[in-house]
Amino acid sequence: MKKLFFLLTIIILATLGLNWPNFLNFFYCKPDLLLIFMVSLVFYTDFKTALLFGILAGLAKDVFLPWTLAMNTVCFGIWSYLIYLISRQISTEEDYVCWAIVLAVALLNNFIIGLQSVASGNIMPPGIFLRNLIMVSVYTTALAPLIFKLTKKIAA
Amino acid sequence: MFKLPRKTLINFILVASAVLLVSIFLSSFKNPAQKIFKPHLSFVGLVKHEVSGIIFYHRNMIKAERLQNDVDWLRWRLFGLRELSQENARLKDLFNFKQKSSLRLVAARVIGRTLDSWSSSVIIDKGRYNGIKSGMVVICPRGLVGSIVESADNTSKVLLINDPNQGIFSIVQRSRQAGLVNGTLGTNLIMRYLPDDAQIMVGDIIITSELSQIYPKGLLLGRVVNIGREFSGLNRYALVKPAVDLANLEEVLVIIP
(Lines give C-alpha, C1' and ligand atoms only; values in the text may rest on other atoms or scores of the structure.)
Protein backbone atom coordinates (compact mmCIF):
# COMPACT_ATOMS: atom_id res chain seq x y z
CA MET A 1 0.00 0.00 0.00
CA LYS A 2 2.82 2.39 0.96
CA LYS A 3 4.54 1.68 -2.34
CA LEU A 4 1.40 2.58 -4.22
CA PHE A 5 1.30 5.90 -2.35
CA PHE A 6 4.95 6.54 -3.24
CA LEU A 7 4.16 5.90 -6.90
CA LEU A 8 1.15 8.19 -6.66
CA THR A 9 3.31 10.89 -5.04
CA ILE A 10 5.77 10.67 -7.95
CA ILE A 11 2.89 11.13 -10.43
CA ILE A 12 1.47 14.07 -8.43
CA LEU A 13 4.87 15.77 -8.06
CA ALA A 14 5.64 15.29 -11.77
CA THR A 15 2.23 16.75 -12.70
CA LEU A 16 2.84 19.67 -10.33
CA GLY A 17 6.27 20.23 -11.88
CA LEU A 18 4.85 20.17 -15.42
CA ASN A 19 2.11 22.64 -14.47
CA TRP A 20 4.14 24.80 -12.08
CA PRO A 21 2.48 28.27 -12.19
CA ASN A 22 4.57 31.06 -13.69
CA PHE A 23 3.91 33.41 -10.79
CA LEU A 24 5.63 30.92 -8.47
CA ASN A 25 8.77 30.88 -10.61
CA PHE A 26 11.68 32.56 -8.89
CA PHE A 27 14.01 34.32 -11.37
CA TYR A 28 12.58 32.03 -14.10
CA CYS A 29 13.52 29.00 -11.99
CA LYS A 30 11.27 26.24 -10.71
CA PRO A 31 12.03 23.83 -7.85
CA ASP A 32 12.97 20.20 -8.43
CA LEU A 33 10.22 18.49 -6.43
CA LEU A 34 11.16 14.99 -7.55
CA LEU A 35 14.72 15.48 -6.32
CA ILE A 36 13.48 16.45 -2.83
CA PHE A 37 11.23 13.40 -2.83
CA MET A 38 14.15 11.17 -3.80
CA VAL A 39 16.28 12.55 -0.93
CA SER A 40 13.45 12.31 1.61
CA LEU A 41 12.85 8.64 0.69
CA VAL A 42 16.39 7.76 1.81
CA PHE A 43 15.74 9.35 5.21
CA TYR A 44 12.31 7.86 5.89
CA THR A 45 12.29 4.45 4.16
CA ASP A 46 14.59 1.47 3.79
CA PHE A 47 17.39 1.61 1.25
CA LYS A 48 15.83 -0.68 -1.38
CA THR A 49 12.54 1.25 -1.49
CA ALA A 50 14.44 4.55 -1.60
CA LEU A 51 16.63 3.37 -4.47
CA LEU A 52 13.73 1.93 -6.48
CA PHE A 53 11.50 4.99 -6.14
CA GLY A 54 14.47 7.35 -6.50
CA ILE A 55 15.23 5.80 -9.89
CA LEU A 56 11.52 5.93 -10.79
CA ALA A 57 11.43 9.63 -9.88
CA GLY A 58 14.45 10.22 -12.13
CA LEU A 59 12.77 8.28 -14.93
CA ALA A 60 9.56 10.32 -14.53
CA LYS A 61 11.65 13.47 -14.92
CA ASP A 62 13.57 12.22 -17.96
CA VAL A 63 10.40 11.11 -19.75
CA PHE A 64 9.21 14.73 -19.89
CA LEU A 65 12.52 16.33 -20.85
CA PRO A 66 13.47 16.92 -24.49
CA TRP A 67 16.72 14.96 -24.21
CA THR A 68 17.49 11.42 -25.29
CA LEU A 69 19.92 10.83 -22.42
CA ALA A 70 18.43 9.57 -19.16
CA MET A 71 20.74 11.69 -17.02
CA ASN A 72 18.32 12.09 -14.12
CA THR A 73 17.56 8.35 -13.91
CA VAL A 74 21.25 7.59 -13.56
CA CYS A 75 21.99 10.55 -11.26
CA PHE A 76 19.02 9.94 -8.93
CA GLY A 77 20.12 6.31 -8.47
CA ILE A 78 23.65 7.41 -7.62
CA TRP A 79 22.45 10.16 -5.24
CA SER A 80 20.17 7.68 -3.42
CA TYR A 81 23.09 5.36 -2.84
CA LEU A 82 25.50 8.10 -1.76
CA ILE A 83 22.98 9.70 0.62
CA TYR A 84 22.35 6.27 2.13
CA LEU A 85 26.11 5.86 2.75
CA ILE A 86 26.38 9.36 4.24
CA SER A 87 23.30 8.91 6.44
CA ARG A 88 25.00 5.88 8.01
CA GLN A 89 28.04 7.99 8.88
CA ILE A 90 26.38 11.13 10.21
CA SER A 91 23.27 11.85 12.23
CA THR A 92 20.36 13.09 10.12
CA GLU A 93 17.98 13.73 13.01
CA GLU A 94 18.44 17.49 12.85
CA ASP A 95 16.36 19.12 10.11
CA TYR A 96 19.09 21.48 8.97
CA VAL A 97 21.39 18.51 8.20
CA CYS A 98 18.71 17.08 5.86
CA TRP A 99 18.25 20.47 4.20
CA ALA A 100 22.03 20.81 3.76
CA ILE A 101 22.05 17.40 2.07
CA VAL A 102 19.18 18.47 -0.23
CA LEU A 103 21.11 21.65 -1.11
CA ALA A 104 24.31 19.72 -1.82
CA VAL A 105 22.51 17.12 -3.97
CA ALA A 106 20.55 19.82 -5.85
CA LEU A 107 23.77 21.76 -6.54
CA LEU A 108 25.58 18.64 -7.75
CA ASN A 109 22.65 17.45 -9.87
CA ASN A 110 22.19 20.86 -11.49
CA PHE A 111 25.93 21.20 -12.03
CA ILE A 112 26.10 17.83 -13.82
CA ILE A 113 23.01 18.52 -15.98
CA GLY A 114 24.25 22.03 -16.82
CA LEU A 115 27.73 20.79 -17.62
CA GLN A 116 26.30 18.06 -19.85
CA SER A 117 24.23 20.70 -21.67
CA VAL A 118 27.28 22.95 -22.20
CA ALA A 119 29.51 20.01 -23.16
CA SER A 120 27.03 19.01 -25.87
CA GLY A 121 27.71 22.33 -27.59
CA ASN A 122 24.89 24.50 -26.28
CA ILE A 123 25.55 28.18 -25.83
CA MET A 124 24.70 29.30 -22.33
CA PRO A 125 25.84 32.62 -20.84
CA PRO A 126 27.69 32.11 -17.53
CA GLY A 127 25.09 34.25 -15.75
CA ILE A 128 22.27 31.94 -16.77
CA PHE A 129 24.34 28.87 -15.88
CA LEU A 130 24.96 30.28 -12.38
CA ARG A 131 21.34 31.41 -12.04
CA ASN A 132 20.07 27.93 -12.82
CA LEU A 133 22.69 26.32 -10.61
CA ILE A 134 22.17 28.48 -7.53
CA MET A 135 18.56 29.66 -7.71
CA VAL A 136 17.11 26.23 -8.58
CA SER A 137 19.11 24.58 -5.79
CA VAL A 138 18.13 27.20 -3.19
CA TYR A 139 14.46 27.15 -4.28
CA THR A 140 14.48 23.34 -4.14
CA THR A 141 15.95 23.42 -0.63
CA ALA A 142 13.38 26.00 0.47
CA LEU A 143 10.55 23.64 -0.45
CA ALA A 144 12.22 20.58 1.06
CA PRO A 145 10.43 20.76 4.47
CA LEU A 146 7.03 20.40 2.76
CA ILE A 147 7.98 17.31 0.77
CA PHE A 148 9.80 15.87 3.80
CA LYS A 149 6.59 16.17 5.84
CA LEU A 150 4.61 14.46 3.08
CA THR A 151 7.08 11.59 2.76
CA LYS A 152 7.25 11.19 6.55
CA LYS A 153 3.45 10.88 6.70
CA ILE A 154 3.30 8.30 3.91
CA ALA A 155 6.20 6.30 5.33
CA ALA A 156 4.80 6.30 8.90
CA MET B 1 34.66 5.71 4.90
CA PHE B 2 33.01 3.92 1.92
CA LYS B 3 34.18 0.33 2.49
CA LEU B 4 31.98 -1.99 0.45
CA PRO B 5 31.34 -5.68 1.17
CA ARG B 6 31.41 -8.02 -1.83
CA LYS B 7 27.62 -8.64 -1.76
CA THR B 8 26.81 -4.91 -1.74
CA LEU B 9 29.20 -4.37 -4.62
CA ILE B 10 27.49 -7.07 -6.70
CA ASN B 11 24.06 -5.62 -5.85
CA PHE B 12 25.29 -2.19 -6.79
CA ILE B 13 26.62 -3.41 -10.14
CA LEU B 14 23.29 -5.15 -10.83
CA VAL B 15 21.30 -2.00 -10.01
CA ALA B 16 23.69 0.15 -12.04
CA SER B 17 23.31 -2.17 -15.04
CA ALA B 18 19.51 -2.03 -14.72
CA VAL B 19 19.60 1.77 -14.55
CA LEU B 20 21.88 1.93 -17.59
CA LEU B 21 19.55 -0.40 -19.51
CA VAL B 22 16.58 1.80 -18.59
CA SER B 23 18.48 4.89 -19.73
CA ILE B 24 19.39 3.24 -23.03
CA PHE B 25 15.76 2.32 -23.71
CA LEU B 26 14.40 5.64 -22.38
CA SER B 27 12.52 6.39 -25.60
CA SER B 28 10.37 3.25 -25.18
CA PHE B 29 9.17 4.54 -21.78
CA LYS B 30 8.21 7.94 -23.14
CA ASN B 31 5.10 7.05 -25.13
CA PRO B 32 3.28 5.00 -22.42
CA ALA B 33 4.26 7.46 -19.68
CA GLN B 34 2.96 10.43 -21.65
CA LYS B 35 -0.23 8.51 -22.44
CA ILE B 36 -0.82 7.94 -18.69
CA PHE B 37 -0.14 11.57 -17.85
CA LYS B 38 -2.18 13.18 -20.65
CA PRO B 39 -5.73 13.10 -19.14
CA HIS B 40 -4.87 14.57 -15.77
CA LEU B 41 -2.32 16.98 -17.26
CA SER B 42 -5.11 18.39 -19.44
CA PHE B 43 -7.41 18.60 -16.41
CA VAL B 44 -4.80 20.24 -14.15
CA GLY B 45 -3.95 22.68 -16.95
CA LEU B 46 -7.60 23.65 -17.23
CA VAL B 47 -7.93 24.14 -13.46
CA LYS B 48 -4.71 26.18 -13.39
CA HIS B 49 -6.00 28.35 -16.23
CA GLU B 50 -9.32 29.01 -14.46
CA VAL B 51 -7.73 29.64 -11.05
CA SER B 52 -5.21 32.12 -12.47
CA GLY B 53 -8.12 33.81 -14.27
CA ILE B 54 -9.81 34.36 -10.90
CA ILE B 55 -6.60 35.39 -9.08
CA PHE B 56 -5.63 37.92 -11.76
CA TYR B 57 -9.16 39.17 -12.43
CA HIS B 58 -8.35 42.86 -11.95
CA ARG B 59 -5.17 42.74 -14.05
CA ASN B 60 -7.07 40.89 -16.80
CA MET B 61 -9.88 43.48 -16.71
CA ILE B 62 -7.41 46.36 -17.22
CA LYS B 63 -5.69 44.36 -19.98
CA ALA B 64 -9.02 43.64 -21.68
CA GLU B 65 -9.90 47.35 -21.69
CA ARG B 66 -6.54 48.22 -23.23
CA LEU B 67 -6.88 45.46 -25.82
CA GLN B 68 -10.38 46.64 -26.70
CA ASN B 69 -8.92 50.08 -27.49
CA ASP B 70 -6.26 48.39 -29.64
CA VAL B 71 -8.94 46.35 -31.44
CA ASP B 72 -10.95 49.51 -32.22
CA TRP B 73 -7.86 51.24 -33.59
CA LEU B 74 -6.82 48.19 -35.63
CA ARG B 75 -10.32 47.82 -37.04
CA TRP B 76 -10.11 51.38 -38.29
CA ARG B 77 -6.66 50.66 -39.82
CA LEU B 78 -7.92 47.41 -41.34
CA PHE B 79 -10.67 49.27 -43.11
CA GLY B 80 -8.06 51.36 -44.93
CA LEU B 81 -5.82 48.39 -45.63
CA ARG B 82 -8.65 46.35 -47.14
CA GLU B 83 -8.66 48.71 -50.06
CA LEU B 84 -4.92 48.23 -50.55
CA SER B 85 -5.29 44.47 -50.25
CA GLN B 86 -7.92 44.37 -52.96
CA GLU B 87 -5.72 46.48 -55.21
CA ASN B 88 -2.80 44.13 -54.47
CA ALA B 89 -4.90 41.07 -55.39
CA ARG B 90 -5.92 42.66 -58.65
CA LEU B 91 -2.29 43.47 -59.51
CA LYS B 92 -1.21 39.92 -58.64
CA ASP B 93 -3.81 38.56 -61.02
CA LEU B 94 -2.60 40.93 -63.66
CA PHE B 95 1.00 39.79 -63.36
CA ASN B 96 -0.10 36.18 -63.07
CA PHE B 97 1.82 35.62 -59.82
CA LYS B 98 2.07 32.10 -58.56
CA GLN B 99 -0.11 31.82 -55.49
CA LYS B 100 1.69 30.49 -52.46
CA SER B 101 0.16 27.28 -51.17
CA SER B 102 -1.52 28.05 -47.85
CA LEU B 103 -0.08 26.36 -44.79
CA ARG B 104 -2.02 23.47 -43.25
CA LEU B 105 -2.20 24.08 -39.53
CA VAL B 106 -3.19 21.98 -36.54
CA ALA B 107 -4.19 23.86 -33.41
CA ALA B 108 -2.99 22.45 -30.10
CA ARG B 109 -3.21 23.35 -26.44
CA VAL B 110 -0.18 23.51 -24.13
CA ILE B 111 -0.74 20.97 -21.31
CA GLY B 112 2.65 20.95 -19.64
CA ARG B 113 6.02 22.62 -19.40
CA THR B 114 9.54 21.36 -18.91
CA LEU B 115 10.31 19.82 -15.52
CA ASP B 116 13.65 21.55 -15.03
CA SER B 117 15.32 24.88 -15.72
CA TRP B 118 18.02 23.57 -18.07
CA SER B 119 15.77 23.22 -21.09
CA SER B 120 12.83 25.10 -22.53
CA SER B 121 10.06 22.95 -23.90
CA VAL B 122 6.30 22.47 -23.67
CA ILE B 123 4.01 19.47 -24.09
CA ILE B 124 1.02 19.87 -26.41
CA ASP B 125 -2.16 17.78 -26.55
CA LYS B 126 -1.79 16.63 -30.18
CA GLY B 127 0.42 13.81 -31.41
CA ARG B 128 0.94 11.23 -34.12
CA TYR B 129 -2.82 10.54 -34.35
CA ASN B 130 -3.24 14.15 -35.50
CA GLY B 131 -0.49 13.89 -38.10
CA ILE B 132 2.20 15.56 -36.02
CA LYS B 133 5.71 14.31 -36.53
CA SER B 134 9.14 15.16 -35.21
CA GLY B 135 10.73 18.15 -36.96
CA MET B 136 7.49 20.02 -37.68
CA VAL B 137 7.38 23.76 -37.05
CA VAL B 138 5.27 25.29 -34.29
CA ILE B 139 4.03 28.86 -34.51
CA CYS B 140 1.45 31.13 -32.93
CA PRO B 141 -0.16 34.23 -34.47
CA ARG B 142 2.63 36.44 -33.08
CA GLY B 143 5.52 34.44 -34.56
CA LEU B 144 7.73 31.38 -34.33
CA VAL B 145 7.43 29.20 -31.21
CA GLY B 146 9.73 26.23 -31.89
CA SER B 147 9.79 22.78 -33.40
CA ILE B 148 8.51 19.32 -32.51
CA VAL B 149 11.25 17.11 -31.04
CA GLU B 150 9.17 14.11 -30.01
CA SER B 151 5.70 12.98 -30.86
CA ALA B 152 3.81 10.31 -28.94
CA ASP B 153 0.35 9.01 -29.92
CA ASN B 154 -1.61 11.83 -28.25
CA THR B 155 1.02 14.31 -27.15
CA SER B 156 4.10 16.01 -28.56
CA LYS B 157 7.07 17.80 -27.13
CA VAL B 158 7.93 21.23 -28.54
CA LEU B 159 11.46 22.57 -28.18
CA LEU B 160 11.00 26.34 -27.80
CA ILE B 161 13.19 28.87 -29.61
CA ASN B 162 14.83 29.95 -26.33
CA ASP B 163 16.26 26.48 -25.69
CA PRO B 164 20.05 26.37 -26.20
CA ASN B 165 19.59 23.33 -28.48
CA GLN B 166 17.78 25.48 -31.04
CA GLY B 167 19.77 26.98 -33.91
CA ILE B 168 17.75 28.92 -36.49
CA PHE B 169 19.27 30.40 -39.62
CA SER B 170 17.76 33.89 -39.77
CA ILE B 171 18.03 37.23 -41.48
CA VAL B 172 17.48 40.88 -40.60
CA GLN B 173 14.29 41.89 -42.45
CA ARG B 174 15.56 45.39 -43.35
CA SER B 175 19.09 44.62 -44.58
CA ARG B 176 18.87 40.82 -45.27
CA GLN B 177 21.94 40.35 -43.04
CA ALA B 178 22.18 36.64 -42.14
CA GLY B 179 23.06 35.09 -38.78
CA LEU B 180 22.39 32.13 -36.53
CA VAL B 181 19.83 32.61 -33.76
CA ASN B 182 20.26 30.46 -30.65
CA GLY B 183 18.29 30.20 -27.44
CA THR B 184 20.00 31.06 -24.17
CA LEU B 185 17.35 29.98 -21.60
CA GLY B 186 17.06 33.68 -20.77
CA THR B 187 14.45 36.18 -21.90
CA ASN B 188 16.36 37.02 -25.09
CA LEU B 189 17.72 35.00 -27.99
CA ILE B 190 21.22 35.56 -29.36
CA MET B 191 22.01 36.14 -33.05
CA ARG B 192 25.60 35.13 -33.69
CA TYR B 193 28.25 35.08 -36.42
CA LEU B 194 27.57 38.64 -37.50
CA PRO B 195 30.56 40.20 -39.29
CA ASP B 196 32.09 43.49 -38.13
CA ASP B 197 30.32 45.48 -40.85
CA ALA B 198 26.95 43.75 -40.36
CA GLN B 199 23.94 45.83 -41.36
CA ILE B 200 22.04 45.53 -38.13
CA MET B 201 20.78 47.98 -35.53
CA VAL B 202 18.61 48.05 -32.44
CA GLY B 203 14.93 47.72 -33.35
CA ASP B 204 15.52 45.59 -36.47
CA ILE B 205 13.10 42.73 -37.07
CA ILE B 206 14.55 39.22 -37.33
CA ILE B 207 12.83 36.60 -39.50
CA THR B 208 13.65 33.04 -40.54
CA SER B 209 15.78 32.62 -43.65
CA GLU B 210 14.96 30.50 -46.67
CA LEU B 211 18.28 28.70 -46.07
CA SER B 212 16.85 27.17 -42.89
CA GLN B 213 16.18 23.47 -43.47
CA ILE B 214 13.27 23.18 -41.04
CA TYR B 215 11.62 26.58 -40.81
CA PRO B 216 9.70 28.21 -43.65
CA LYS B 217 11.00 31.56 -44.82
CA GLY B 218 9.70 34.77 -43.26
CA LEU B 219 8.47 33.62 -39.85
CA LEU B 220 8.85 36.37 -37.27
CA LEU B 221 11.41 35.63 -34.56
CA GLY B 222 11.71 38.92 -32.72
CA ARG B 223 13.29 42.36 -32.51
CA VAL B 224 16.93 43.33 -31.86
CA VAL B 225 17.34 44.91 -28.41
CA ASN B 226 21.11 45.06 -28.07
CA ILE B 227 24.25 44.59 -30.15
CA GLY B 228 27.66 43.61 -28.79
CA ARG B 229 31.02 42.12 -29.69
CA GLU B 230 31.78 38.46 -29.06
CA PHE B 231 34.51 37.55 -26.55
CA SER B 232 36.88 36.47 -29.36
CA GLY B 233 36.56 39.93 -30.93
CA LEU B 234 36.08 38.41 -34.39
CA ASN B 235 32.30 38.69 -34.68
CA ARG B 236 29.43 40.70 -33.33
CA TYR B 237 26.25 39.38 -31.75
CA ALA B 238 22.75 40.76 -31.34
CA LEU B 239 20.31 40.08 -28.55
CA VAL B 240 16.83 39.41 -29.93
CA LYS B 241 13.66 39.74 -27.88
CA PRO B 242 11.25 36.99 -29.04
CA ALA B 243 7.99 38.21 -30.55
CA VAL B 244 6.12 35.44 -28.74
CA ASP B 245 5.65 35.45 -24.97
CA LEU B 246 7.17 32.01 -24.48
CA ALA B 247 6.54 31.92 -20.73
CA ASN B 248 2.79 32.22 -21.14
CA LEU B 249 2.01 30.05 -24.16
CA GLU B 250 -1.46 28.50 -24.08
CA GLU B 251 -2.36 27.61 -27.66
CA VAL B 252 -0.05 26.95 -30.59
CA LEU B 253 -0.34 25.98 -34.26
CA VAL B 254 1.67 23.17 -35.82
CA ILE B 255 2.52 23.53 -39.52
CA ILE B 256 1.88 20.29 -41.42
CA PRO B 257 4.03 20.36 -44.55
Side-chain angles (χ1 to χ4, degrees), chain A residues 11-12 14-23 25 28-30 32-35 48 51-52 55 58-74 76-78 81-82 85-86 89 109-110 113-114 116-118 120-125 127-129 131-132 135-136 139, chain B residues 1-2 4 8 11-12 15-16 18-20 22-27 29-34 36-37 40-41 43-45 47-48 51-52 55-56 111-123 149-150 157-160 163-167 182-187 190 192 247-248:
Chain A
I11 293 174
I12 291 168
T15 310
L16 201 61
L18 287 165
N19 272 298
W20 192 253
N22 280 334
F23 59 87
N25 279 355
Y28 299 99
C29 293
K30 52 164 82 173
D32 195 341
L33 302 175
L34 288 167
L35 185 132
K48 278 181 188 167
L51 187 67
L52 173 71
I55 290 168
L59 187 65
K61 206 177 156 190
D62 279 324
V63 158
F64 293 102
L65 289 177
W67 306 324
T68 46
L69 274 173
M71 284 294 287
N72 289 292
T73 314
V74 177
F76 277 30
I78 294 169
Y81 184 65
L82 290 179
L85 288 182
I86 288 169
Q89 304 289 327
N109 198 61
N110 280 314
I113 304 275
Q116 182 257 329
S117 178
V118 172
S120 60
N122 292 334
I123 301 152
M124 199 180 296
I128 288 174
F129 185 91
R131 181 198 74 184
N132 280 359
M135 294 315 299
V136 173
Y139 199 5
Chain B
M1 187 183 169
F2 299 137
L4 294 175
T8 317
N11 283 344
F12 181 74
V15 171
V19 170
L20 278 174
V22 165
S23 62
I24 289 165
F25 296 104
L26 177 69
S27 54
F29 289 98
K30 289 193 171 183
N31 193 16
Q34 287 176 17
I36 294 166
F37 271 77
H40 69 270
L41 266 183
F43 177 72
V44 172
V47 171
K48 191 181 123 190
V51 169
S52 55
I55 293 172
F56 298 111
I111 57 168
R113 284 166 191 284
T114 183
L115 263 172
D116 69 354
S117 302
W118 294 101
S119 60
S120 184
S121 64
V122 292
I123 298 165
V149 280
E150 270 172 36
K157 217 171 278 170
V158 180
L159 194 68
L160 301 180
D163 187 284
N165 273 308
Q166 281 282 19
N182 284 110
T184 59
L185 287 178
T187 44
I190 187 164
R192 305 177 74 225
N248 295 304

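Each chain gets a letter, A, B and so on, in the order its sequence line appears, and its residues count up from 1.
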*Is the count of non-hydrogen atoms from other residues, nucleotides or ligands lying under 6.0 Å from B:F56 atom CZ greater than 12?*
yes
_Looking at A:K48, I want to see if its NZ is surrounded by more than 12 non-hydrogen atoms of other residues, nucleotides or ligands under 6.0 Å._
no
*Most chain B-contacting option - heavy-atom pairs closer than 4.5 Å, from A:T73, A:V63, A:L59, A:N22*: A:V63
*Under 4.5 Å, counting heavy-atom pairs only, tell me which of A:I11, A:D62, A:I55 racks up the most with chain B.*
A:I11
How many angstroms lie between atom [atom1] of [X] and atom [atom2] of [Y], to the nearest 0.5 angstrom?
X	Y	atom1	atom2	value
A:Y139	A:C29	OH	SG	9.5 Å
B:N165	B:L160	CG	CG	12.0 Å
A:F76	A:D32	CZ	CG	5.0 Å
B:W118	A:N72	CH2	CG	12.0 Å

With only heavy atoms counted, which part of [X] is less than 4.5 Å from chain B, the side chain, the backbone, both or neither?
X	answer
A:L51	side chain
A:L65	both
A:F129	both
A:V136	side chain
A:N19	both
A:A14	both

[X] versus chain A, the contacting section by heavy-atom distance below 4.5 Å:
X	answer
B:S120	neither
B:L159	side chain
B:N182	side chain
B:T184	both
B:I123	side chain

Side-chain ([X]) to main-chain ([Y]) donor-acceptor, under 3.5 angstrom:
X	Y	result
B:S52	B:K48	yes
A:K61	B:D116	no
A:K30	A:G17	yes

*When only pairs under 4.5 Å are counted, which of B:V149, B:V44, B:V122 shares the most heavy-atom pairs with chain A?*
B:V44
*asked:* Using a 4.5 angstrom heavy-atom cutoff, name the option from B:S117, B:G45, B:G112 with the most pairs to chain A.
replied: B:S117
_For the residue pair A:N132 / A:N110, report whether a side-chain donor-acceptor contact shorter than 3.5 Å exists._
no
